[in-house]
Amino acid sequence: MTLTDSPNRPASTSRYDAALFIARLGLASLFLFSGLQKMMHLQGAGAWAASQGVPFASQLMPLAALFEIAAALMLVSGWRAREAAAALALWIIVLGPWFHRFWNAPPQMWQVVIDDFFHHLVMFGGMIYVAVFGPGSWRLRGPRKGEGG
């Protein structure tokens, strides 16, 4: 059962759609900021990723930045938001443990690193939610069936 065919859904859906849009904005903000930061500081971002053991970090960093920016814009616009959210969920679940190894963190950094780890786990949950339930009706839509484009 989807949100739109729920028998308990009130007649006015504008509040739900507004809330879903705000949620997408919140989820996208991390990746938009992160991607833009990487783009503005490619050398430093590549050096940091290399220090974490990422192979070919300086070559991969522009691609990572573009991916994060594009996926964030897809979330905000709602265009192919399910696919963007699924891709970001995979991104998070693979890279989160790589970059936030709280089990190896020194005692003075443990709290910061575990907070970052769980921050990413929460983002993973949000992305799965969008991937499963969709972006709501406040979104860009492609051409309708039978229309050109």
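Positions are given from 1, in the same order as the sequence printed here. All figures in this text were calculated on a predicted structure; none of them were measured in a lab.
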Indicate the atoms forming the closest heavy-atom contact of [X] with [Y], along with that distance.
X	Y	answer
R139	G78	CB-CA, 3.5 Å
G46	M61	N-CG, 4.0 Å
A89	M127	CB-CB, 3.8 Å
A49	F99	CA-CE2, 4.4 Å
V76	A28	CG2-CB, 3.5 Å
A72	L32	CB-N, 3.6 Å

Do the side chains of [X] and [Y] join up, straight or via other hydrophobic residues, at under 4.5 Å, putting them in one cluster?
X	Y	value
I92	V54	yes
L88	L90	yes
L73	L27	no
V113	F118	yes
L25	L20	no

Legend entry - side chain to side chain contact (heavy atoms under 4.5 Å, CB included) evaluation trace for W103 with I114: CA-CA 8 Å; W103 51 92; I114 199 164; over 6 Å; no
Legend entry - Donor-acceptor pair, side chain of S51 and main chain of W48, under 3.5 angstrom: yes
Legend entry - Side-chain donor or acceptor of R24 paired with backbone N/O of P135 under 3.5 Å: yes
Inset, instruction - State whether the number of non-hydrogen atoms from other residues, nucleotides or ligands found under 6.0 Å of Q59 atom CD is greater than 12. - result: yes
Legend entry - Residues L66, K38; criterion side chain to side chain contact (heavy atoms under 4.5 Å, CB included); working and verdict: CA-CA 9 Å; L66 287 174; K38 283 179 181 73; over 6 Å; no
Inset, instruction - Check whether any side-chain heavy atom of L36 lies under 4.5 Å from a side-chain heavy atom of E68, and answer yes or no. - result: no
Nearest-0.5 Å distance that lies between atom [atom1] in [X] and atom [atom2] in [Y]:
X	Y	atom1	atom2	result
M123	S29	CE	OG	6.5 Å
H120	D115	NE2	CG	12.0 Å
M74	L140	CE	CG	11.0 Å

Inset, instruction - Show your reasoning for whether side chain to side chain contact (heavy atoms under 4.5 Å, CB included) applies to F31 and F67. - result: CA-CA 9 Å; F31 296 96; F67 168 73; over 6 Å; no
Inset, instruction - Run through W110, F102, W98 and flag the one making a ring pair (Phe, Tyr, Trp, His ring centres under 6.0 Å) with F117. - result: F102
Legend entry - Residue that, paired with D116, satisfies side-chain contact (heavy atoms from CB on, under 4.5 Å) out of M109, Q111, H100: H100
Inset, instruction - Can you label the angle between the F21 ring and the W138 ring as parallel, tilted or perpendicular, going by 30° and 60°? - result: tilted
